[in-house]
Amino acid sequence: MIEAIIAFVVGAGLAGGGAVAYRHVKKGQSEEKLDGLVAKAKNEASDIVLKAKNEASKITDEARKEESEHRKEWKKTEQRLVDREANLDKKLDDLDQRAEKLRKQEADVDGLKNDIHKIRDKQQEKLEKIAGLKKAEAKEKLLQMTERDIKNDLVNLVKKEQRELSENADEQAQTILVTAMERMSSEVTADRTVTALKLPDDEMKGRIIGKEGRNIQSLQRATGVDILVDDTPGMVVLSSFDPVRRQVARLALERLMKDGRINPSSIEEAVVKAEKEIDKEINRAGEDAAREVGIVGIPKEILRLLGELKFRTSYGQNVLLHSIEMAHVAGMIAEEIGADKRIAKMATLLHDVGKAVTHKIEGRHAEIGAELARKYGIEEAVAHAMEAHHDDVEQTTPEAIIVKVVDSLSAARPGARNVSAENFAERMRDLENIATGFDGIDKAYAISAGREIRVMVQPTQIDDLSAIKLARDIANKIESTMQYPGIIKVNVIRETRAIEYAK
């Protein structure tokens, strides 16, 4: 490469010298001058070549020096890699040695554990021989001794905790419930559904029956209601499991008696008109209830079932009015405790819609109502609260607990429900029988109209700690076996009397 550069420079110099000489010859210069110019060109070319060689030699030396430095760096890098590899090999060897030591130590530890277990077993056997007791027997005796020692402390602690919890819970619950009840004002009792009609005279009874009973048979076929005219003097009794049909029959019969013309044709016409009027009344009742509570978005099918509750009673309490009252109270309680007010109000308003179809569908009304709610697209939170208000399923949301509480609150208020004397006496007997069914019971009395049961126990068989457990067991059995509104207080009394006579 360097030689080619030199040859190129020399050739360029000669060519330049020749060109100069040629120009001088053409101009008539002498040959001597031409020779001088050629000699001069040669000298210049020689200087250029020499200079080029020096430059080339200098470049070559620099290149060799740079290459030497690179080689030194490569050697240093290679040495570092070799050293690092050696260090890694050494560390791996150390790790292998350490792992081997750990395996040996683990084996030694396992051996020591086995030796300790054997020593402990031998010591346990010696202790059992000395004490004459097995391990389980000694544990049982120790627990019994400990229980005797701390029994009084446990009783006092349990009583203290129960008292504190009861005081705090009662105070907070009473505040919320009283606040809700103060803000809600409604009639205590509701009108019963009319099932009997008074006849204006005995002649009307003959018209209703008709010739050979044709009129009364036509009326029964058209309404699906049994009509009794001979059981009660001056009265017509309507009997049917379907309250809507009973209302249709009542309205149709009132119109027929007012008109005076009673025949199969007029009966059919009166029943059709009564059905249309009752149908409108049902729809209007459901819509009015939802509007009064302030709930929107309820499906029309559910609203109709809600309206049918207007003609249903439970223990003499109108179910629709009961549901409306519950919805208002539920909204107040939900607002106080921070629960979802809309879900609580909707669930309480609809909690008894299953009662509108219990005569058509088998099952409990809470379960039926929840399934209908899910069928027509009502959200699951509302359906769950409806389903859980009678403890058929466990309440998992605050709104479900609110529905249960306000249901008991509305049903338990004085005068809200009419209970016959026979049912009342039977419930009192059931309460007392549940309590006396436990061991160690001396006497049991149901008092305060069934709101409290007082249980006298035999002090020699039931101690203080067992009395606390007995009260809980009786309460659990009452909850699982009886249907009742409100809360029943279980009061277990243990009393020891020492009597002596001075003579």
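Everything quoted here is computed from the prediction, not taken from an experiment.
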Q: So, are E269 and K273 salt-bridged, with charged N and O less than 4.0 Å apart?
A: yes

Q: Would a 4.5 Å heavy-atom cut-off, applied to side chains only, mark K276 and V272 as touching?
A: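 Yes, at least one pair of side-chain atoms sits under 4.5 Å.
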
Q: Nearest heavy-atom pair of T436 and A444: which atoms, and what distance?
A: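 Heavy atoms only, the tightest pair is CG2-CB, 3.8 Å.
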
Q: I208 vs L253, test: side-chain contact (heavy atoms from CB on, under 4.5 Å). Steps then yes/no.
A: CA-CA 9 Å; I208 293 173; L253 192 55; 4.1 Å; yes

Q: Does E432 use its side chain to pair, donor to acceptor, with the backbone of A446 at less than 3.5 Å?
A: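 Pair found, side chain donor or acceptor close to backbone of A446.
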
Q: Start with the C-alpha gap between R120 and Q123, add the side-chain angles, then the distance that decides, and say whether side-chain hydrogen bond (donor to acceptor under 3.5 Å, both in side chains) holds.
A: CA-CA 5 Å; R120 188 174 63 183; Q123 289 178 344; over 6 Å; no

Q: Over all heavy atoms of both residues, which pair between L320 and A289 is shortest? Give the atoms and the distance, please.
A: CD1-CB, 4.0 Å

Q: Take E399 and V382, measure what side-chain contact (heavy atoms from CB on, under 4.5 Å) needs, and give me the verdict at the end.
A: CA-CA 8 Å; E399 293 78 17; V382 175; over 6 Å; no

Q: Starting from the C-alpha separation in whole Å, work towards a yes-or-no answer on side-chain contact (heavy atoms from CB on, under 4.5 Å) for D226 and L238.
A: CA-CA 6 Å; D226 292 332; L238 308 177; over 6 Å; no

Q: What distance separates E495 CD from D442 CG, expressed to the nearest 0.5 Å?
A: 11.0 Å

Q: Take N476 and R472 through the test side-chain hydrogen bond (donor to acceptor under 3.5 Å, both in side chains) and record every step on the way to the result.
A: CA-CA 6 Å; N476 289 336; R472 172 45 49 195; 3.2 Å; yes

Q: Under a 3.5 Å distance rule, please check whether R494 uses its side chain to pair with a backbone N or O of P459 as donor and acceptor.
A: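 Present.
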
Q: Are any of the side-chain nitrogens in K375 or E371 under 4.0 Å away from the carboxylate oxygens of its partner?
A: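 Here K375 does not pair with E371 in a salt bridge, since their nearest N and O are not under 4.0 Å apart.
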
Q: Find the distance between CG (L309) and CG (L349) and round it off to the nearest 0.5 Å.
A: 9.0 Å

Q: One pair to check against side-chain hydrogen bond (donor to acceptor under 3.5 Å, both in side chains): Q220 and Q217. What are the steps and the verdict?
A: CA-CA 5 Å; Q220 288 178 344; Q217 291 176 6; over 6 Å; no

Q: First locate atom CD of E281, then atom CZ of F311, and finally report the distance between them rounded to the nearest 0.5 Å.
A: 4.0 Å

Q: Less than 4.0 Å between a side-chain N and a carboxylate O, is that true for K355 and D352?
A: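 Salt bridge flag = yes for K355 with D352.
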
Q: Determine the minimum heavy-atom distance between A274 and V248, stating which atoms define it.
A: CB-O, 3.6 Å

Q: Could D288 and R291 be called an ion pair, given the rule that one side-chain N must be under 4.0 Å from one carboxylate O?
A: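 A salt bridge links D288 with R291.
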
Q: Under 3.5 Å, is there a donor-acceptor pair between the side chain of N215 and the main chain of K211?
A: no

Q: Hey, is R364 close enough to E387 for a salt bridge, meaning N to O under 4.0 Å?
A: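 Salt bridge flag = no for E387 with R364.
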
Q: Any heavy-atom pair between the side chains of M235 and L228 that's under 4.5 Å?
A: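 L228 does not reach M235 side chain to side chain.
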
Q: Which heavy atom in I227 sits nearest to a heavy atom in I216, and how many Å separate them?
A: O-CD1, 3.7 Å

Q: I would like to know whether R342 and E379 meet salt bridge (Lys or Arg N to Asp or Glu O under 4.0 Å); could you show each step before the answer?
A: CA-CA 12 Å; R342 185 185 64 83; E379 56 193 298; 2.4 Å; yes

Q: Report yes if the side chains of L350 and I378 come closer than 4.5 Å at any heavy-atom pair, otherwise no.
A: yes

Q: Considering non-hydrogen atoms only, spot the tightest contact between A290 and I298 and give its length.
A: CB-CD1, 4.1 Å

Q: In the structure I gave you, are the side-chain heavy atoms of V492 and V490 within less than 4.5 Å of one another anywhere?
A: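 When only atoms from C-beta onward are counted, V490 and V492 do touch, with a gap below 4.5 Å.
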
Q: Roughly how far, to the nearest 0.5 Å, is the CG atom of L306 from the CD1 atom of I295?
A: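 If I round to the nearest 0.5 Å, the distance is 11.5 Å.
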
Q: For a 4.5 angstrom cut-off between non-hydrogen side-chain atoms, does Y445 reach V455?
A: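 Not in contact.
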
Q: Test I282 against every option in E287, K310, E308, E277 by the side chain to side chain contact (heavy atoms under 4.5 Å, CB included) rule and name the one that passes.
A: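 Among E287, K310, E308, E277, the one that satisfies the side chain to side chain contact (heavy atoms under 4.5 Å, CB included) with I282 is E308.
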
Q: Tell me, with the steps shown, if D259 and R255 meet salt bridge (Lys or Arg N to Asp or Glu O under 4.0 Å).
A: CA-CA 6 Å; D259 184 57; R255 287 182 173 177; over 6 Å; no

Q: Indicate, with yes or no, if the rings of H365 and H389 have centres closer together than 6.0 Å.
A: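 Ring centroids of H365 and H389 are less than 6.0 Å from each other.
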
Q: Report the distance from atom CD1 of I493 to atom CD1 of I462, rounding to the nearest 0.5 Å.
A: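 I493 CD1 to I462 CD1: 14.0 Å, rounded to 0.5 Å.
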
Q: Cationic tip of K477 within the cone over F438's six-membered ring, i.e. under 6.0 Å and within 45° of the normal?
A: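 That pair qualifies as a cation-pi contact.
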
Q: Donor-acceptor pair, distance only, cut-off 3.5 Å: does the side chain of H351 make one with the backbone of T348?
A: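 Yes; at least one donor-acceptor contact below 3.5 Å.
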
Q: At what distance, to the nearest 0.5 angstrom, does CD1 of I402 lie from NZ of K341?
A: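 Reported to 0.5 Å precision, the distance equals 11.5 Å.
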
Q: Can you find a pair of side-chain heavy atoms, one from R245 and one from T223, that are under 4.5 Å apart?
A: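 In short, these two side chains do not touch, never coming nearer than 4.5 Å.
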
Q: Pair I478, L431 - check side-chain contact (heavy atoms from CB on, under 4.5 Å), show working.
A: CA-CA 7 Å; I478 292 174; L431 275 174; 3.7 Å; yes

Q: Counting distance only, does the side-chain N/O of D279 pair as donor-acceptor with the main-chain N or O of E275 below 3.5 Å?
A: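 Checked: no pair found.
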
Q: Would you mind reporting whether I488 and R451 have side-chain heavy atoms less than 4.5 Å apart?
A: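 A side-chain contact is absent here, since even the closest heavy-atom pair is not under 4.5 Å.
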
Q: For a quick test of reading the model, state the closest non-hydrogen atom pair linking R374 to A383 and the distance between them.
A: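 Smallest interatomic distance, heavy atoms only, reads CG-CB, 3.7 Å.
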
Q: State whether the number of non-hydrogen atoms from other residues, nucleotides or ligands found under 6.0 Å of N114 atom CG is greater than 12.
A: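 Atom CG in N114 is crowded, with more than 12 foreign heavy atoms closer than 6.0 Å.
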
Q: Determine whether I453 and I434 make a side-chain contact, defined as any pair of heavy atoms from C-beta on separated by less than 4.5 Å.
A: no

